[in-house]
Amino acid sequence: MTDSTGADTSGTGTSAEADLLSWDFIQDPYLTYREMRAGTGPRRLVIKTLSTGLHAWLVTEYSDVRRLLADPRLSKAAGGAAPIIAKHSTEDVSGESITSESMLFSDPPQHSRLRRMFSRAFTMRRTQNLRTRIEELTDQLLGSIPTGTEIDLVESVAMAIPIAVIGELLGVPRAAHHDLRRWNRTLTSVDSEPSEKYRAYMASLEYFRNLITEKMRSHDTADDLINAMINPDNEERFDESELLSTIFLMMNAGYETTANLISSSVYALLTHPEQLELLRGDATLIPNAVEEFLRYESPLNLSTLRYTTEPVEIGDTVVPAGEVVFLALCSANRDPDRFAEPDRLDIRRNAATHLAFGHGIHHCVGAPLARLEGEIVLARLLDKFPHWEAAEPLDRLSWRYTLQFRGLERLPVKLHA
């Protein structure tokens, strides 16, 4: 067993460079992850983020990733993260800090309180009540696509439907949906300059602050999520920073993840025509197929940043307290110790234990909505356009993500009735 200072000739527990934003890695992270899983514990790497390099531990095995997602010794509290990041950054980040007060960047008891309040507003009933509206929005959008015409499915479908759904869920007027999409794209793009990200963040912050103020001033009675959080059914209330952070969290959970799920599902079926034929012949397989798509091409690559609050044993390594840890969801979902023939797409596979939406108390709050949208869009696509054709060689398409998100840049297709 080694600690963070111990040498290890296998590479486990030693420092190395890992550009998880490099072109080669983005296009195929699975080769790198296969090599990493050949070790016996986490890798200590200099992981490049959008603003700096970060000395961090990367965990790739399914059993370890699942266990650590629920381990309270790995904290996500924003307040304690800033000094940890400053300590392990390869550059000076003294002026940077994590300011989010959402449940994603908190530990119990704060996390428990925020999640409890949010769950009272974002109920399963509210999600299921969206089914008819999602079907209507999908039918409207697909109805505007002429058969046999080349479209970019990412732009025209995968991004268009989730932004309309999350906009209506939150209570954002349709006229502002384009701005929400543009700001979110800038905030999650590897290519955006820090100044662009800052402007997009401030513009979206000001928009939602004004929207909340207007809803409160006008005593808006619309049955949307923001109103439900502003006017809770008991005395527990979000303060302004908590409310804004939660709205931003929903924008990510309800938009980027779902858009990536839809586009990567279509891509997976186009690259596996036998699976497309199977699904075309039996629509009852769609819910199970969505779980397999989530496993096969997880819309989230890595978990968000965690740090150890005390020593944690991972494999043959003891990671000391005060260390940064990332959990590789894409790797865990392709681990042969958990999934037989993990690099094979099989829409009949039981993939229910995948970790695409995380695990434990931070399991993605938007997971039911993402699944619902994925199922509806695939069902409507297959019903209206049963025959799909890639308009360009699929092996030439490129992927994009920040450290967390993974999705296609574009997907040119022709849809035939």
Side-chain angles (χ1 to χ4, degrees), residues 17-36 47-51 53 58 60 145 149-163 181-194 196-197 200 252 255-273 275-276 292-303 326 328-331 333-334 342-345 356 370 374 377-378 381 388-415:
E17 183 83 10
D19 186 356
L20 302 190
L21 297 177
S22 73
W23 173 261
D24 289 340
F25 182 86
I26 289 172
Q27 303 317 305
D28 183 12
Y30 304 107
L31 174 61
T32 299
Y33 285 145
R34 279 196 296 273
E35 293 173 350
M36 289 183 175
I47 295 177
K48 292 184 179 180
T49 68
L50 294 179
S51 59
L58 183 65
T60 55
I145 299 175
T149 299
E150 180 179 332
I151 64 165
D152 176 9
L153 189 125
V154 172
E155 182 72 19
S156 299
V157 179
M159 289 185 170
I161 293 174
I163 200 65
R181 183 169 169 177
R182 177 168 53 84
W183 293 328
N184 188 273
R185 187 72 168 178
T186 299
L187 288 167
T188 60
S189 174
V190 174
D191 299 323
S192 299
E193 295 293 330
E196 294 177 305
K197 290 181 181 292
N252 281 328
Y255 173 50
E256 189 78 20
T257 303
T258 308
N260 291 346
L261 167 61
I262 293 170
S263 59
S264 63
S265 297
V266 173
Y267 175 86
L269 289 170
L270 286 169
T271 54
H272 297 80
Q275 298 292 299
L276 176 56
E292 173 68 346
F293 297 139
L294 286 164
R295 182 202 69 84
Y296 186 75
E297 288 288 4
S298 301
L300 293 173
N301 171 40
L302 299 182
S303 67
F326 286 105
L329 306 180
C330 275
S331 175
N333 287 337
R334 294 279 191 107
D343 296 324
R344 180 173 63 88
L345 181 73
V377 172
L378 280 175
L381 267 174
W388 303 352
E389 174 190 359
E392 292 182 14
L394 293 170
D395 58 1
R396 296 182 187 175
L397 298 180
S398 59
W399 296 77
R400 65 175 287 275
Y401 60 39
T402 63
L403 273 179
Q404 269 68 55
F405 296 111
R406 172 173 164 81
L408 284 164
E409 285 279 8
R410 49 193 292 272
L411 181 54
V413 297
K414 294 180 180 179
L415 305 172

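Only heavy atoms go into these numbers, but all of them, side chains included; no hydrogens, no water, no symmetry mates.
For E155, the side-chain hydrogen bond (donor to acceptor under 3.5 Å, both in side chains) partners at least two apart in sequence or on another chain are R181. Taking D395 as the reference, nothing meets the side-chain hydrogen bond (donor to acceptor under 3.5 Å, both in side chains) condition, with sequence neighbours excluded.
Counting all heavy atoms, side chain and backbone alike, P412 lies closest to L397 at CD-CD2, 3.6 Å. For the pair A160 and S156, the tightest heavy-atom approach, listed with the atom from each and the gap, is CB-O, 3.4 Å. The two atoms that bring V157 and P162 nearest to each other are O-CD, 3.9 Å, heavy atoms only. Summarising the geometry of H272 relative to Y296, their closest heavy-atom pair is CE1-OH, 3.4 Å, with the distance given to 0.1 Å. Residues L58 and A328 come closest through the heavy atom pair CD1-CB, 4.2 Å. Between D343 and R34 the shortest heavy-atom distance is OD2-NH1, 3.2 Å.
Between I145 atom CD1 and I151 atom CD1 the span is 4.0 Å, to the nearest 0.5 Å. Once rounded to the nearest 0.5 Å, the distance linking CH2 of W399 with CD1 of I26 reads 12.0 Å.
For the pair I262/L378, no side-chain contact is recorded, criterion being any heavy-atom separation below 4.5 Å from C-beta on. Q275 has its side chain out of reach of E292: every pair of non-hydrogen atoms, C-beta onward, lies at least 4.5 Å apart. Within the 4.5 Å cutoff, side-chain heavy atoms of N301 are placed close to those of F25. Looking only at side-chain heavy atoms (C-beta outward), W388 and V413 stay at 4.5 Å or farther from each other. Between S331 and M36 the shortest side-chain heavy-atom distance does not fall below 4.5 Å. For the pair V266 and V377, the minimum side-chain heavy-atom distance is 4.5 Å or more. Counting only heavy atoms from C-beta outward, the side chains of S264 and F293 never approach each other to under 4.5 Å.
For K197 (side chain) and L187 (main-chain N/O), a donor-acceptor pair under 3.5 Å exists by modelled atom type. Panel note: side chain R295, backbone A356; no donor-acceptor pair is recorded below 3.5 Å. At distances below 3.5 Å, not a single donor-acceptor pair connects side-chain atoms of E297 with backbone N or O atoms of S265.
For the 3.5 Å distance criterion, the side chains of Y33 and N333 fail to qualify, holding no donor opposite an acceptor.
None of D152, N260, V154 except one satisfies the side chain to side chain contact (heavy atoms under 4.5 Å, CB included) rule with M159; the exception is V154.
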